[in-house]
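Report on the structure given below.
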Number of protein chains: 2
Amino acid sequence: MTKKATATWRMTDALAAKLVSFEGKVRARRFAEGEQLYRQDEINTCFYFIKSGLVQVSIFRRDGTEVVLENMGPNALCGEGSAFDGLPRFSTAVAVEPTEALEFDTARIESLMRADPELALAMLRLTSLKQRILALRLEHLVSNDPEDRILELLRRLSQMFAIDHERGRKIITHLTHEQIASMTGTSRVTVTRTMGRLREKGMLFIEDGFTILANEVDS
Amino acid sequence: MTKKATATWRMTDALAAKLVSFEGKVRARRFAEGEQLYRQDEINTCFYFIKSGLVQVSIFRRDGTEVVLENMGPNALCGEGSAFDGLPRFSTAVAVEPTEALEFDTARIESLMRADPELALAMLRLTSLKQRILALRLEHLVSNDPEDRILELLRRLSQMFAIDHERGRKIITHLTHEQIASMTGTSRVTVTRTMGRLREKGMLFIEDGFTILANEVDS
DNA sequence: ACCCGGTCGTATCCGGCGATACAGCGCGCC
DNA sequence: GGCGCGCTGTATCGCCGGATACGACCGGGT
């Protein structure tokens with residue numbers, strides 16, 4: 001029941017390799033637990049490639065509630081959204097574990113891209129992936145059915161982190177019901193209720209703290 | 001009460017100019033009303049810059065319901081999401097008016113970007129903007145309050161299309177309640193109910209078919 | 001004039017989610 | 001060991017949005 005490794009996002013190894021190759025050419029940074037990489041509403045032009053640690057990216061709503069967008073683990077990129085369009089950041093990123101990251105500055109990215117034209121393509125592929133994930137989350141959030149919302153999250157985790165298991169795909173990321181609630185826009189109670197129902201239906205199993213998504217449910 | 005000009009998205013002029021400058025270097029295409037630019041689940045590598053016309057981008061859910069992502073009007077880009085990551089398209093784009101577009105192929109984009117390094121940067125700025133819009137929609141979709149969901153849409157339209165008006169910002173895009181419902185994940189009935197409430201509260205006015213968003217509501 | 005399709009307004013009913021409260025439980029910490 | 005904290009499982013209740021149905025209105029077409 002390791003509490004660690006709760007990441008909910010990562011990129012393909014090829015893209016990660018491309019970004020890692022800039023080690024030495026960009027600033028290396030370390031963030032302590034609880035330190036912010038960037039904060040909602042501020043304007044700056046940096047984005048971060050996470051080498052190790054864990055960063056929670058979330059939006060704080062007017063009413064004070066927090067919407068968790070992702071937990072970015074090793075080999076994830078964050079902050080590139082507001083780094084490029086020059087508008088205030090729409091999310092906040094805080095390290096929930098000690099974190100090592102590479103800091104790219106879009107003010108200097110042009111010269112980096114000139115030196116390595118593949119960087120631009122890699123970035124585009126990556127932002128495209130993020131766009132896809134966001135659109136799919138949207139698709140399921142318009143539904144008010146919590147089962148739908150939660151299954152979408154589990155399927156995504158299954159694709160990104162799960163390993164094969166006799167009864168399905170074992171998701172090696174552990175999220176509390178409260179975290180799931182905050183990512184799916186439901187209440188904590190509804191998450192347990194819904195996951196209970198899913199278990200009864202045989203779409204889901206719990207084994208020593210890990211969630212197993214039945215194959216036939218796995219899209 | 002023109003029925004036309006129902007676009008819900010456009011980009012800044014500077015970015016549009018950059019893409020228009022490729023006229024002649026990429027394929028020009030025309031789509032008849034009802035024709036599809038691309039279809040959900042298929043794989044291909046093209047994306048489109050819309051010169052004139054109107055294209056509806058939507059996701060069809062398993063249960064048959066349709067989630068409208070955007071109505072792309074002149075100076076909008078669509079399809080770049082699945083063009084770059086090589087995965088099946090997550091949305092369908094169909095021309096709802098006769099449409100002229102420039103067709104970019106990511107298979108050839110590398111040479112285009114080499115010829116004009118600014119293209120990559122323009123694309124990144126654009127996908128970043130889309131990421132922002134999607135994230136903000138997400139922020140409000142997690143809320144189950146229809147008022148919240150609908151105001152988010154209206155604010156966005158206000159920023160993109162509205163003109164100043166004595167009582168607020170006049171949104172020159174006309175959407176039916178049904179379209180709003182499909183974009184906000186509520187029912188048609190709830191949209192009229194909610195907009196009625198907003199009108200009573202003085203946050204909203206209707207004038208010859210156009211919606212006016214009161215200034216103090218305009219974020 | 002007539003019909004008709006699309007849109008907006010409104011009523012009723014039902015189901016299910018959110019809020020709240022509380023009980024069991026595992027784990028870590030003093 | 002004992003205590004406390006965070007997580008999970010349930011119960012109750014109130015409220016509100018979805019489904020459905022129906023009527024009014026408007027514009028276009030024949």
Side-chain angles (χ1 to χ4, degrees), chain A residues 1-6 56 61 63-68 71 96 140-154 171 173-201 204-212, chain B residues 1-4 6 33 56 61 63-68 71 96 140-154 171 173-201 204-212:
Chain A
M1 181 88 124
T2 35
K3 260 306 170 41
K4 305 300 181 181
T6 61
Q56 183 175 75
R61 309 184 71 236
D63 61 14
T65 57
E66 179 181 9
V67 181
V68 176
N71 286 317
V96 292
H140 292 273
L141 276 180
V142 300
S143 156
N144 291 314
D145 179 13
E147 201 162 299
D148 196 340
R149 293 180 173 212
I150 291 169
L151 278 179
E152 191 272 339
L153 175 61
L154 293 179
I171 299 173
T173 290
H174 180 74
L175 295 173
T176 68
H177 289 184
E178 189 120 27
Q179 286 175 302
I180 296 176
S182 146
M183 296 185 75
T184 55
T186 57
S187 73
R188 200 275 306 168
V189 177
T190 300
V191 172
T192 62
R193 268 201 292 238
T194 305
M195 289 187 73
R197 260 207 311 272
L198 291 174
R199 243 183 322 179
E200 280 175 17
K201 290 194 208 170
L204 209 71
F205 314 98
I206 304 287
E207 206 174 272
D208 44 72
F210 292 108
T211 303
I212 295 159
Chain B
M1 183 90 121
T2 35
K3 262 305 172 41
K4 307 299 181 180
T6 62
E33 183 175 336
Q56 182 175 78
R61 310 183 69 236
D63 60 15
T65 57
E66 179 181 9
V67 181
V68 176
N71 285 319
V96 293
H140 293 273
L141 276 179
V142 301
S143 156
N144 290 316
D145 180 12
E147 201 162 301
D148 197 340
R149 293 181 173 213
I150 291 170
L151 278 179
E152 192 270 340
L153 175 60
L154 293 179
I171 299 174
T173 291
H174 181 74
L175 295 173
T176 68
H177 290 184
E178 188 120 30
Q179 285 174 303
I180 296 176
S182 146
M183 296 185 75
T184 55
T186 56
S187 73
R188 201 273 309 167
V189 178
T190 300
V191 172
T192 67
R193 268 200 294 238
T194 305
M195 292 187 72
R197 260 207 311 272
L198 292 174
R199 244 181 322 177
E200 280 174 18
K201 290 195 207 168
L204 208 70
F205 314 98
I206 305 287
E207 207 173 274
D208 44 72
F210 291 108
T211 302
I212 296 160

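To find a chain, count down the sequence lines: A is the first, B the second, and so on, and within it residues start at 1. Just the heavy atoms: all of them, side chains too, but no hydrogens, waters or symmetry mates, feed the values below.
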note: A:Leu204, atom CG; D:dG9, atom C1'; distance rounded to Å ~ 15 Å
Rounded distance (Å) that lies between atom P of C:dT7 and atom NE2 of B:His177 | 11 Å
Quickly work out the B:Glu178 CD to D:dT20 C1' distance and round it to whole Å.
-> 14 Å
Taking only the side-chain nitrogens and oxygens of A:Asn144, find out if one of them lies under 4.0 Å from OP1 or OP2 of D:dG18.
-> yes
Which parts of residues 193-200 of chain B get close to DNA chain C, meaning a heavy atom less than 4.0 angstrom away?
-> B:Arg193, B:Arg199
Give A:Thr190 one of three labels, base, sugar-phosphate or nothing, depending on what nucleic acid heavy atoms sit under 4.0 Å from its own.
-> sugar-phosphate
Minimum heavy-atom separation for B:Leu141 to B:Arg149, with atom names?
-> O-NH2, 3.0 Å
Could I get the full list of side chain to side chain donor-acceptor pair (under 3.5 Å) partners for B:Glu66, not counting sequence neighbours?
-> B:Ser58
Taking CD1 from A:Ile180 and P from D:dC7, how many angstroms apart are they, rounded to a whole number?
-> 12 Å
Side chain to side chain donor-acceptor pair (under 3.5 Å) involving A:Glu207 - partner list, sequence neighbours excluded = A:His165
For B:Arg61, enumerate each residue passing the salt bridge (Lys or Arg N to Asp or Glu O under 4.0 Å) test, keeping only those at least two apart in sequence or located in another chain.
-> A:Asp148, B:Asp63
Considering heavy-atom distances to DNA chain C, does A:Glu147 or A:Arg188 have its closest nucleotide positioned more toward the 5' end?
-> A:Glu147
Nearest to side-chain heavy atoms of B:Asp145, which nucleotide of D:dG17, D:dA21, D:dT8 | D:dG17
Check whether any side-chain heavy atom of A:Thr211 lies under 4.5 Å from a side-chain heavy atom of A:Ile206, and answer yes or no.
-> yes
Check salt bridge (Lys or Arg N to Asp or Glu O under 4.0 Å) between B:Arg188 and all other residues, then give those that pass, not counting sequence neighbours.
-> none
Might you point out which heavy atoms bring A:Ser182 and A:Val68 nearest each other, and give the distance in Å?
-> OG-CG2, 3.0 Å
Taking every heavy atom of B:Thr186 against every heavy atom of B:Pro146, the minimum-distance pair comes out as CG2-CB, 4.0 Å
Closest to the B:Thr192 side chain, choosing from D:dG17, D:dA11, C:dC8 | C:dC8
Nearest heavy-atom approach of B:Leu154 to B:Ile171 is O-CD1, 3.7 Å
Between its two end axes (five pairs each) the helix from C:dA1-D:dT30 to C:dC30-D:dG1 turns, nearest 10 degrees, through 30°
Whole-Å gap separating P (D:dC7) and CD (A:Gln179) | 8 Å
